[in-house]
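Everything on this sheet refers to the single structure shown next.
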Amino acid sequence: MVKRTALLALLAAVLVFPAVFTLPFPRHVMIMIFLYGSLAVAWNILAGYCGQISLGHAVFFGIGAYTSTLLVARAGLTPWAGMAAGAALAVVFSQAVAFPVFRLRGHYFAIATIAVGEIVQTLVINWDWAGGARGVFVPIKRPDSLWNFQFHESKALYYYVALGLLLLGLAVTRWLERSRHGYYFRAVREDQQAAASLGVNVAREKHRAIAVSAGLTALGGTFYAQYIFFIDPESVLSLSLSILICLVAVLGGVGTLWGPVVGAAVLVPLSEYTRVWLGGTGRALDVVIYGALIMVIAVLQPAGLVGLAARLGRGRRG
Amino acid sequence: MSLLAVAGVTKRFGGVVANRDVTFEIRPGELVGVIGPNGAGKSTLFDLITGFERPDAGTVRLDGRDVTRLRPDEISRLGVARTFQKLRPFPGMTTLENVMIGAFQKTSDVGAAREAARAALAAVGLADRADAHAGGLSTGQRKRLELARALATGPRLLLLDEVTGGVDQATVPGLVRLVRDLHATGLALVVIEHNMRVIMDIAQRVVALQLGEVIADAPPAEIVRDPRVIDVYLGEAWRA
């Protein structure tokens, strides 16, 4: 009951945030928290619950970004249609690539997902129609309109769309946690053979997990393109993006509902503010701080910040 | 008609023949023991029946239907449950959640699965550990957990790989009683067991394996008098 009240208060605070903070920068930080939070939430469905550690999720993000952007730039469609098409394409791609890749387990699966990511990035770099290595600009349209998914005057609408994406991911995760498939995902993560012996179709559950994860990740890709107005293979298809998505979830706590959100709420401001404060002193300093933080967390509390909070809570009660 | 019919099953791993031309049947409601020295091919036989391994030759039939090429989850859904010699709980889940994975075979409703899992845990005497993490259970408790999980799938045939192996002597009678109770409900069981006293006590029929081959298939009273079984397995002490 207390928890429910706290969550509603948090949601109310998040909803009124743009009314209080009218400057672009705080809104931008929140938008990035929502975006990376939603990506980590999506990744967590496959990796945290189903135990399949992907280091290629930038592919799904890139499919979302490129599909909508190319449909806007080359066919003049609304980005919302592109968002739906991108998510659908990411799901289809995930199912095709999952057949060979899911035959591998553990580290080998993770390595294969890196390979898939590198292959797709290389293909797009060499694909001139899609902008190649130079990337693609989203054509600027004025005035602001929901139809065109472009809001130049204020970031408030971006803020609410990003928040919507995060809430969608959380709702899907919550629903999965309370459904048979959520239990099956965890059984697959814990022991595939034991799960199979109890009637769990392991391959089908993995395919289901990656489909949901890929679709949600692609939605974030479209949002990114409409927010930044420029995409290229480096920004939306790189291995470093895949790793960042993984880091956010791992830092917060994998296999938990709120872990990825907590991870994003810590890492994104850290990255954005170190970029602002330490900008020019060397681009990598924020990454150094990330790295140090991840190492500290991994050594002290492998269950992530959520696990740390649970332990502190127990300590106080005990 | 037989519930399970294994006919001419052969399995090789490289140059090693784990099972050679194994043939036997299990009738509904029967309790059959499988004995044999280490490496005789007992666990491989379970893997072949439950789809974890595919035989190089021979067939496995369930109610007359050829299930030789089916996957483990498909065979589970046809009513064959098993435990593993090397126990495989889902360590990061609670005892109750472990059993729910089995119970979901009969229902997709989480509440109904939870109730069925509670009933299965009560049946094996683990109800008080329902919310404990499975990774923290003792060996005896984990054996009961695997049993509960298998039972929750609602099987017609249950394959138990070493019921009393690895547990202390004080726990053995309870596990044996449990197997007897399950058999009394009409469930067919095939039990791999090293403890000869246990197997002679509970089994209606015993299949003896040696180097992957069936060397005897008879009631316990005859098995203990079979010269080949005595030679390869029971040893001099059993020669009356």
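No experiment lies behind these values; they were computed from the predicted model shown. Here is the naming used below: chain letters follow the sequence lines, and residue numbers restart at 1 for every chain. These values consider heavy atoms only, across backbone and side chains, with no hydrogens, waters or symmetry-generated copies.
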*Mind ranking A:Ala195, A:Ser179, A:Ala196, A:Gly182 by heavy-atom pairs under 4.5 Å with chain B and telling me who comes out on top?*
A:Ala196

*Is there a donor-acceptor contact under 3.5 Å linking the side chains of B:Asn98 and B:Thr95?*
no

*Looking only at side chains, do A:Glu177 and A:Tyr49 share a donor and an acceptor under 3.5 Å apart?*
yes

*Quick one: which of B:Ala152, B:Ala103, B:Gly92, B:Pro155 has the most heavy-atom pairs under 4.5 Å with chain A, could you say?*
B:Gly92

*Which residue out of B:Arg71, B:Arg82, B:Glu97, B:Gln105 racks up the most heavy-atom pairs below 4.5 Å with chain A?*
B:Glu97

*Angle class for the A:Phe185/A:His181 ring planes (parallel below 30°, perpendicular above 60°, tilted otherwise)?*
tilted

*Is it the backbone or the side chain of B:Ala113 that comes under 4.5 Å from a heavy atom of chain A, or both, or neither?*
neither

*Check whether B:Arg149 gets within reach of chain A through its side chain, its backbone, both or neither, counting any heavy atom under 4.5 Å.*
both

*Measure the spacing between CG of A:Leu305 and CG of A:Leu251 and express it to the nearest 0.5 Å.*
4.5 Å

*B:Thr153 portion near chain A, given a 4.5 angstrom heavy-atom threshold*: side chain

*Please state whether the side chain, the backbone, both or neither of B:Thr107 comes within less than 4.5 Å of a heavy atom of chain A.*
backbone

*Going by the side-chain contact (heavy atoms from CB on, under 4.5 Å) test, name the single residue among B:Leu151, B:Leu147, B:Val99 that passes it with B:Leu121.*
B:Val99

*If we ignore angles and hydrogens, is there a donor and acceptor under 3.5 Å between the side chains of B:Glu30 and B:Gln204?*
no

*Of the backbone (N, CA, C, O) and the side chain (C-beta and beyond), which part of B:Phe84 lies under 4.5 Å from a heavy atom of chain A, both, or neither?*
side chain

